[in-house]
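Structure, as structure tokens:
All values below were derived from every heavy atom in this structure, side-chain atoms included, with hydrogens, water molecules and symmetry-related copies excluded. Below, read A as the first sequence line, B as the second, and so on, with proteins coming before strands; counting in each chain starts at 1.
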Amino acid sequence: MLDSVAHSSFLPNTSFCDPLMSWTDLFSNEEYYPAFDHQTDADSNCLKTSGIKSQDCHSHSRTSLQSSHLWEFVRDLLLSPEENCGILEWEDRDQGIFRVVKSEALAKMWGQRKKNDRMTYEKLSRALRYYYKTGILERVDRRLVYKFGKNAHGWQEDKL
DNA sequence: AGCGAATTTCCTGGTT
DNA sequence: TAACCAGGAAATTCGC
């Protein structure tokens, strides 16, 4: 269960989900999520220079939030300030500690990824808590704060 | 068709 | 009080 990152290795253009399609491309594809109310926080206005400076706008190839697993989705969002919209924020980049700034928006985004409009942060966080026992995440006793564990990979700055 | 992993859903109870 | 956190239990989804 650690090999799920068979990323953009070799995937013919015949797949329904183009692995190289960026999240924004996927999103602008509207027909994907018709019932999307545009009233909550960070929805589609991801153009608002998103608080983040131009610092680490490293356009790494991990632009596609196609990860099948929740933790990878979170990781990739954390690594993509362009798509992040300030939903997630690093607390300690080196230690892999991060905070969910906009819980509702995160749940909505995850719901979009899974095509589930009933997703909520309550349910998403339950899934995150299951990661504690597998070492994907480690517990941090601060509200909305999590930390990548020994079995999480691909989040470290010097390994990008 | 059957299984297992990864959630998803629901819930009770405690905390901030 | 609202928003979180802890986990147990059970249902669901999906790939193999």
Same apolar cluster: A:L78 and A:I97, side chain cutoff 4.5 Å | no
Gap between atoms CG and P, on A:D141 and C:dG7 respectively (whole Å) = 12 Å
Whole-Å distance separating the CG atom of A:L144 from the P atom of C:dC4 | 5 Å
Donor-acceptor pair (no angle test) under 3.5 Å: A:Y121 side chain, C:dA2 base | no
Is the shortest side-chain N/O distance from A:K114 to OP1 or OP2 of B:dT8 below 4.0 Å?
-> yes
Passes side-chain contact (heavy atoms from CB on, under 4.5 Å), A:V74 versus A:F98? Steps please.
-> CA-CA 10 Å; A:V74 168; A:F98 61 92; 3.7 Å; yes
Here the distance between atom P of B:dT7 and atom CZ of A:R129, to the nearest Å, is 14 Å
What's the closest nucleotide to the A:R143 side chain, out of B:dT7, C:dC5, C:dC4?
-> C:dC4
Given that A:E122 and A:Y131 both sit by DNA chain B, which one's nearest nucleotide is further toward the 5' end?
-> A:Y131
Which residue, A:Y132, A:Y131, A:Y130, forms the side-chain contact (heavy atoms from CB on, under 4.5 Å) with A:T134?
-> A:Y131
Within the structure, does a side-chain N or O atom of A:R142 lie under 4.0 Å from either OP1 or OP2 of C:dC4?
-> no
Could you go through the side-chain contact (heavy atoms from CB on, under 4.5 Å) check for A:Q95 and A:K147 one step at a time?
-> CA-CA 7 Å; A:Q95 289 191 64; A:K147 171 180 180 176; 3.6 Å; yes
Here the gap from A:L144 atom CG to A:K102 atom NZ, rounded to the nearest 0.5 Å, amounts to 13.5 Å
Can you hop from A:V140 to A:L88 via hydrophobic side chains spaced under 4.5 Å?
-> no
Can you tell me the distance, in whole Å, between the NZ atom of A:K123 and the P atom of C:dC5?
-> 16 Å
Walk me through it: do A:S125 and A:Y146 pass the test side-chain contact (heavy atoms from CB on, under 4.5 Å)?
-> CA-CA 10 Å; A:S125 62; A:Y146 299 85; 3.7 Å; yes
Starting from C1' on B:dA6, measure out to CZ on A:F73 and report it in whole angstrom.
-> 16 Å
A:W110 vs B:dT8: side-chain N/O to OP1/OP2 distance below 4.0 Å | yes
Expressed in angstrom and rounded to an integer, what is the separation of A:Q112 atom CD from B:dT8 atom C1'?
-> 17 Å
Using a cut-off of less than 4.0 Å, is there contact between a side-chain N or O of A:N116 and OP1 or OP2 of B:dT9?
-> yes
Examine C:dC4: is either OP1 or OP2 under 4.0 Å from a nitrogen or oxygen in the side chain of A:S103? Give yes or no.
-> yes
For the side chain of A:R126 and the base of C:dA6, is some donor closer than 3.5 Å to an acceptor across the two?
-> no
From NE2 of A:H69 across to P of C:dT13 the rounded distance in Å is 17 Å
Using 30° and 60° as the class limits, which term best fits the ring planes of A:F148 and A:W71: parallel, tilted or perpendicular?
-> perpendicular
Below 4.0 angstrom from OP1 or OP2 of C:dC5, is there any side-chain N or O of A:Y146?
-> yes
Would you say A:R118 reaches B:dT8's phosphate, i.e. side-chain N/O to OP1/OP2 under 4.0 Å?
-> no
Atom CG of A:L128 to atom P of B:dT9: distance rounded to whole Å?
-> 14 Å
Please give the angle, rounded to 10 degrees, between the axes at the start and the end of the helix from B:dG2-C:dC16 to B:dT16-C:dA2, where five pairs define each axis.
-> 30°
